[in-house]
Amino acid sequence: MVMGDLVDEVDVAVVGGGPGGYSAAFRCAELGLEAVVIDADRRLGGACLFEGCIPSKALLHVAAVVSEAERAKELGVDFGEPRISLDPLRKWKQERVVGKLARGLASVAKAKGVEVIGGRAVFADSSTLHIEGETLQKIRFKHAIVATGSRPAPLPGLTLASERVMDSTAALELPEIPERLLVIGGGYIGLELGTVYAALGSRVTLVEMTPGLLPGVDRDLVQPLQRRVEKLFAAVHLETKVTALREVGAEIEAALEGQGAQRYDRVLVAVGRRAQSADLGLETTGARLSERGGFIVVDDRGRTDDPHLYAVGDVTGEPMLAHRAMRQGKVVAEVLAGQPAAFDNVAIPAVVFTDPEIAWCGLSEAQAKAQALTVKVSKFQWAASGRAATLGRSDGLTKLVADADSGRVIGVGIVGPGAGELIAEATLAVETAALVEDVAATVHTHPTLSETLMEAAEQLLG
Ligand code: NAD
């Protein structure tokens with residue numbers, strides 16, 4: 001199809017091989033459109049597979065094993081102190097988890113006839129891409145889908161070029177287990193990777209600039225996690241900024257507002273992610289970027305302001321979650337195939353894979369209140385769950401938000417082990433506009449944590 005400078009035209013050129021890009025390309029192929037994916041990495045998977053969701057969850061599984069073993073002491077089972085060997089751990093994460101999934105994606109691409117081209121793609125105009133790889137290639141397309149994702153945001157004004165100051169990508173490589181780790185940012189990444197390093201033996205200090213961890217999430221859901229990290233971490237400083245970072249020998253000195261200068265062996269910066277929309281040649285096309293965040297502006301069909309360009313995933317804005325990108329990717333492929341598809345989902349679940357996990361979908365209680373909706377809220381404490389008791393984990397909460405007039409479930413929040421799996425049923429309830437009665441009258445297996453959603457529904461009905 002593309003050889004050297006030879007130009008051919010494809011139906012769909014997908015720029016970026018992460019979950020948004022590969023989902024779009026696979027769906028295009030299924031619908032009879034010829035699709036190629038261009039990725040600088042020359043393999044499918046993107047940030048999610050190589051430097052995000054997957055490696056972090058592999059390491060969080062290890063953290064969970066360590067903390068379960070620790071908890072087992074209370075149950076009369078003592079496994080002794082864990083001895084951690086980084087080489088086998090890295091190898092397992094890299095080869096048996098990431099490598100295996102990458103090979104799986106490559107074989108799906110092959111089976112579906114989706115070509116993956118290695119190189120950096122830059123738009124030359126609304127129908128041409130230049131690909132800077134081993135050779136300079138040109139590709140013409142009827143439509144392009146931009147799925148270039150996001151990258152870790154730097155710490156404003158405090159960039160320090162030192163291998164001891166890591167972003168999430170570097171931290172997931174597990175270069176070592178630092179004795180003292182400073183985590184800057186109390187969001188998804190700070191909490192997940194802070195949990196991993198603390199379980200592996202680091203003394204973790206976390207600083208968050210706002211008054212609470214996970215800003216934007218209902219406080220009653222965050223509380224059990226906060227109590228846990230306050231025990232697991234050496235220190236959690238809220239409403240605290242880092243005002244200076246400097247390298248001193250093999251240490252990093254950080255000035256924490258109100259705490260003075262402290263020394264750490266490594267620092268993890270996790271203060272958000274930024275859209276990768278620059279240096280793509282988008283200015284040669286009609287696509288428009290948002291003023292805040294530089295996201296590519298799209299409608300519910302993934303259309304940009306340029307009729308030939310579509311975009312999906314993190315590069316189109318919040319929430320920057322792989323499953324949102326995947327759904328958007330499938331929608332755009334269906335739109336290109338002439339189907340009446342739209343990204344009109346009401347519930348996009350979010351999960352923080354800490355211990356306990358926090359998951360939510362639809363409207364939070366705070367959002368419902370901010371929108372002045374008349375809602376009924378029910379909170380089912382896991383202290384009353386038989387399954388939670390058998391797990392020794394009664395600190396969870398399942399919270400249901402319903403529209404008071406229609407009785408429909410409009411939001412659910414869960415904190416507790418397994419919340420990330422439990423949120424699936426809640427998402428289906430919100431997406432299909434289930435009534436609280438439907439959830440209450442559905443038979444849930446006993447004894448399971450899934451019953452807590454039913455119990456919350458029953459409680460709401462009084
Ligand atoms: P985030 O937006 O979740 O959290 C960043 C945190 O850093 C916020 O609490 C913010 O108040 C704080 N902060 C910002 N500037 C700071 C400063 N100078 N000093 C101290 N604190 C500061 O961002 P993240 O944790 O970097 O994650 C980025 C994105 O990646 C997330 O928004 C999410 O979309 C995605 N992600 C998802 C998952 C998941 O689905 N489980 C996991 C990891 C990342």
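In what follows, residues are counted from 1 in the order of the sequence shown. Both counts, for ligands and for their atoms, begin at 1 and track the order of listing.
- An N or O contact shorter than 3.5 Å links Tyr188 to ligand 1 by distance.
- The shortest separation from a heavy atom of Gly272 to ligand 1 is under 4.0 Å, placing the residue in contact.
- The protein heavy atom nearest to atom 33 (C) of ligand 1 is Met320 O, 3.7 Å.
- Ile252 is not listed as a side-chain neighbour of Arg263, based on a closest heavy-atom distance of 4.5 Å or more.
- Residues Arg393 and Trp382 are not in side-chain contact: their nearest non-hydrogen atoms beyond the backbone lie 4.5 Å or more apart.
- Using modelled atom types, one side-chain atom of Asp265 and one backbone atom of Arg180 make a donor-acceptor pair closer than 3.5 Å.
- Val298 places none of its side-chain heavy atoms less than 4.5 Å from the side chain of Tyr310.
- Below 3.5 Å of separation, one finds an N or O of Ile189 facing an N or O of ligand 1.
- Side-chain atoms of His323 never come within 3.5 Å of backbone atoms of Leu321 as a donor-acceptor pair (strictly under, hydrogens ignored).
- Considering backbone and side-chain atoms together, Val351 places an N or O closer than 3.5 Å to an N or O of ligand 1.
- Among all protein heavy atoms, the one lying closest to atom 30 (O) of ligand 1 is Arg273 CD, 3.3 Å.
- Looking at ligand 1, you'll find an N or O of Glu208 within less than 3.5 Å of one of its N or O atoms.
- For Phe353, no nitrogen or oxygen atom sits less than 3.5 Å from a nitrogen or oxygen atom of ligand 1, counting backbone and side chain alike.
- Of the protein's non-hydrogen atoms, Leu155 CD1, 3.6 Å is the one closest to atom 18 (N) of ligand 1.
- Contact analysis puts Glu192 in contact with ligand 1, with a non-hydrogen atom separation below 4.0 angstrom.
- Under the 4.5 Å side-chain criterion, counting only non-hydrogen atoms from C-beta, Lys112 is in contact with Glu30.
- Considering both main-chain and side-chain atoms, Val242 never comes within under 3.5 Å of ligand 1 through any nitrogen or oxygen pair.
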